[in-house]
Amino acid sequence: MISMGEDRNENEGDVTVEDKDTNPRTDESLETPEPDPEDNMQKQMNAAVNKETAMKYADNAIRQRENEKTYIQNIKNSNSGLSLGDLKEDALLADSKTVTRFSPAWNQTLASTAAILMTFTAGLTSGYSAILLPQLKESGSSIPCDESTASWIAAMAALPMAPGCLICGWLMEKFGRRNAHYMVCAPFLLGWILIACANNLALILLGRFFTGMCVGLIGPLGPVFISETCSPQLRGIFLAAISLAIAVGILVSHLIGTWVHWQWTAIICCIFPILSVILLSVIPESPTWLISKGQIEDGVKAFSWLRGYGDEARSELKAIIDKRKAADLEPTPTLREKINSLKSPELMKPLFIMIVFFVTCQFSGVNTVAFYSIEIIEKAVGKGIDHYVAMLAIDSLRTVMSVVACVTCKKYGRRPLCLISGLFTAISMVGLSMFLYWTDGKPTNLTWIPLSCLMGYICAISIGLVPLPWMMCGEVFPTRVRGLGSGISSATTFVSFFIVVKTAPGMMTDLGEVFTFLLYGTIALIGTGILYFILPETKGKSLQEIEDRFKSGKISIA
């Protein structure tokens, strides 16, 4: 019995062993596959590279944060002694990330573009009457237009320009440079809408009044805003772009109006004030104005966004803060003292220089040639020239030379450009006068001579006498009266502009073209001679440095 049990157990054991042998997959399915050594090595190398890259980025981030903390602490502990209050480092650091992402040059370009686009809209206003009036005079026009009506439409835009400059001086000082741009956009848009919807003369005149007033408002505002937001290296080219924007605006309005109805042209012009508002919404206020009003934290953030953290930027920022500190230490001036301060040399000297500069430019006949170019070409060259072709040719040449002015103003100083421009402007006008005197209105085969004089005149005046006054208008006045000084000097140019354009037809009729052009050339020569002795060189200098030199009486003309 026992042996039989043993035999059964053995058989059972045999069966078990046999089952294991016949089902090997049961154990193999529970085993982990052997890892590939090459895959492990590649993964370890990738992990090492990623770790090294992460450590490098972390190290750069820590270094950047330490530099930013040091920068802010230096501002707090600067020798200026100005109490900056409790600057919120988190806000400043958050803002500084924008500076890291976008270069200061890009940010300055963005800020300048907003002001330049507004000036472009002013150019559209200046050129609009040239395409509006011929269409209104056509038979079948919905708004009848005779010579008297046309003169009112043309003059209505020029009428509020000078008052607009004076209003803008107060506006930009009271509400800030960027906010003043916002305020100008509204009447600009309203003026174009009124013109686009006009079905009678009153709406056209009202629209022209609003757009003309905005041309005066933007006159001093654009140069001041660009001067206070740009570095000395970029300031010249962006200020020269103001004249380029006017030239392009005139050309664009003439191009559109040549093929498009005047109301649709006004509708297209409505787009640009809206674009300006969009650009203004992404840029900060002028840091110089913010700091001058005691908004130190906002001013530092705006300055850092625009200028970055370089040594030159830090030095300029410290100078602005030092000036604010000195102003805080002074007692509050009385009304009489404020009036007497307007006689200070840092205001009167640049004001005199800018008035001479603007008067020289306008009385050299720049707007006479622009407004009466067709008549002048007919008298100098002869009749038979298509009016629109001549107008677009002159506009194109003016635009090209404005581009040249942007390049030359960045490379060369203000004084050499002024002297070269003034000299060749005088030569071209006197040359045209002499040719008309010698020919005495008789037909001649030398028509290329007066045409060359006119082209040379446009080239010469466009690279110096036209852009430079607007450039320097935002550079030479002290911060506390920059709005007032630029407003008065800009108003001077619009008053001169009105006088020259108004008197030119009568002078050419009563005194003759010979005397008129000779007078323009003589004024250009005399004005250039005066500027040779009084015009300072501002290229590459900070606004604070220019102001200090005027105040000390040591401003250099070299």
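These numbers were taken from a predicted model, which means no experiment stands behind them.
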- Task: Would you sort out whether Glu475 and Lys541 count as a salt bridge (charged side-chain N to carboxylate O under 4.0 Å, His left out), showing the intermediate values?
- Result: CA-CA 9 Å; Glu475 293 179 325; Lys541 296 181 174 63; over 6 Å; no
- Audit row: Trp192, Thr121, side-chain contact (heavy atoms from CB on, under 4.5 Å) steps and yes/no: CA-CA 10 Å; Trp192 286 117; Thr121 312; 3.7 Å; yes
- Could you walk me through whether Cys214 and Thr125 pass the side-chain contact (heavy atoms from CB on, under 4.5 Å) test, one step at a time? CA-CA 9 Å; Cys214 291; Thr125 302; over 6 Å; no
- Message: Thr211 vs Leu190, test: side-chain contact (heavy atoms from CB on, under 4.5 Å). Steps then yes/no.
- Response: CA-CA 8 Å; Thr211 54; Leu190 176 61; over 6 Å; no
- Item | Verdict with reasoning, Ile353 to Val476, per side-chain contact (heavy atoms from CB on, under 4.5 Å) | CA-CA 9 Å; Ile353 292 171; Val476 297; over 6 Å; no
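For the side chain to side chain donor-acceptor pair (under 3.5 Å) test, no residue two or more places apart in sequence or in another chain qualifies with Arg208.
Under the 3.5 Å distance criterion, the side-chain polar atoms of Gln135 are matched with a main-chain donor or acceptor of Val260. Remark: the backbone N or O of Ser486 is paired with a side-chain donor or acceptor of Ser489 at under 3.5 angstrom. At least one donor-acceptor pair closer than 3.5 Å links the side chain of Gln108 to the backbone N or O of Leu306. Looking at Asp395, its side chain never comes within 3.5 Å of a backbone N or O of Arg398 through a donor-acceptor pair. No donor-acceptor distance shorter than 3.5 angstrom exists from the side chain of Ser421 to the backbone of Cys418, with no hydrogens or angles considered. In this structure a side-chain-to-backbone donor-acceptor pair under 3.5 Å is present from Tyr182 to Ser281. A distance-only check finds no donor-acceptor pair linking the side chain of Thr493 to the backbone of Ser490 [under 3.5 Å].
Annotation: side chain of Val430 is not in contact with side chain of Phe517 (no heavy-atom distance under 4.5 Å). Taking 4.5 Å as the limit, every side-chain heavy atom of Tyr412 sits out of range of all side-chain heavy atoms of Lys539. Side chains of Leu535 and Met472 form a contact here, defined as non-hydrogen atoms less than 4.5 Å apart. For the pair Leu465 and Phe357, the minimum side-chain heavy-atom distance is below 4.5 Å. Looking at Val224 and Phe477, their side chains never come closer than 4.5 Å, going by heavy atoms from C-beta outward. In this structure, the side chains of Leu221 and Met118 stay at 4.5 Å or more apart for every pair of heavy atoms. Between Ile242 and Met471 the shortest side-chain heavy-atom distance does not fall below 4.5 Å. Cys270 places a side-chain heavy atom less than 4.5 Å from the side chain of Ile193.
Contact detail for Ser243 and Trp470: the closest heavy-atom pair is OG-CD1, 4.4 Å. Taking both residues in full, the closest heavy atoms of Ser433 and Leu518 are given as OG-CB, 3.5 Å, listed atom of the first, atom of the second, then distance. In terms of heavy atoms, Gly236 sits closest to Cys409 at O-CB, 4.2 Å. Of all heavy-atom pairs between Ala114 and Ile283, the closest is CB-CD1, 4.0 Å. Of all heavy-atom pairs between Pro416 and Glu537, the closest is CD-OE1, 3.7 Å. Residues Ile143 and Ala198 share a closest heavy-atom pair of CD1-O, 4.4 Å.
The aromatic rings of Phe494 and Phe497 sit perpendicular to each other, their planes meeting at more than 60°, with 30° as the lower class boundary. Taking the six-membered ring where the residue is Trp, Phe272 and Phe120 present perpendicular rings, their angle passing 60° and hence far from 30°.
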Atom pairs and distances, donor-acceptor, side-chain atoms in residues 160-175, under 3.5 Å, two or more places apart:
residue	atom	partner	partner atom	Å
Glu173	OE2	Arg177	NH1	3.4
Glu173	OE2	Gly483	N	2.8

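Atom CD1 of Ile246 is separated from atom CG of Leu251 by 14.0 Å, given to the nearest 0.5 angstrom. A distance of 12.0 Å separates OG1 in Thr360 from CG in Leu468, rounded to the nearest 0.5 Å. Note: Ile420 CD1 to Thr408 OG1 = 9.0 Å, rounded to the nearest 0.5 Å. Here Ser253 contributes atom OG and Tyr128 contributes atom OH; the two are 9.5 Å apart, rounded to the nearest 0.5 Å. Here the straight-line distance linking atom CG of Leu132 with atom CD1 of Ile195 works out to 7.5 Å at 0.5 Å rounding. For the atom pair CG of Leu244 and CE of Met401, the computed distance is 12.0 Å after rounding to the nearest 0.5 Å.
Remark: Arg178 is not positioned above the aromatic ring of Phe225, lacking an NZ or CZ atom under 6.0 angstrom from the ring centre and at most 45 degrees off the axis.
For the salt bridge (Lys or Arg N to Asp or Glu O under 4.0 Å) with Glu228, the lone residue among Arg307, Arg235, Arg482 that qualifies is Arg482.
Shown here is Phe424, whose CZ atom has no more than 12 heavy atoms of other residues, nucleotides or ligands within 6.0 Å.
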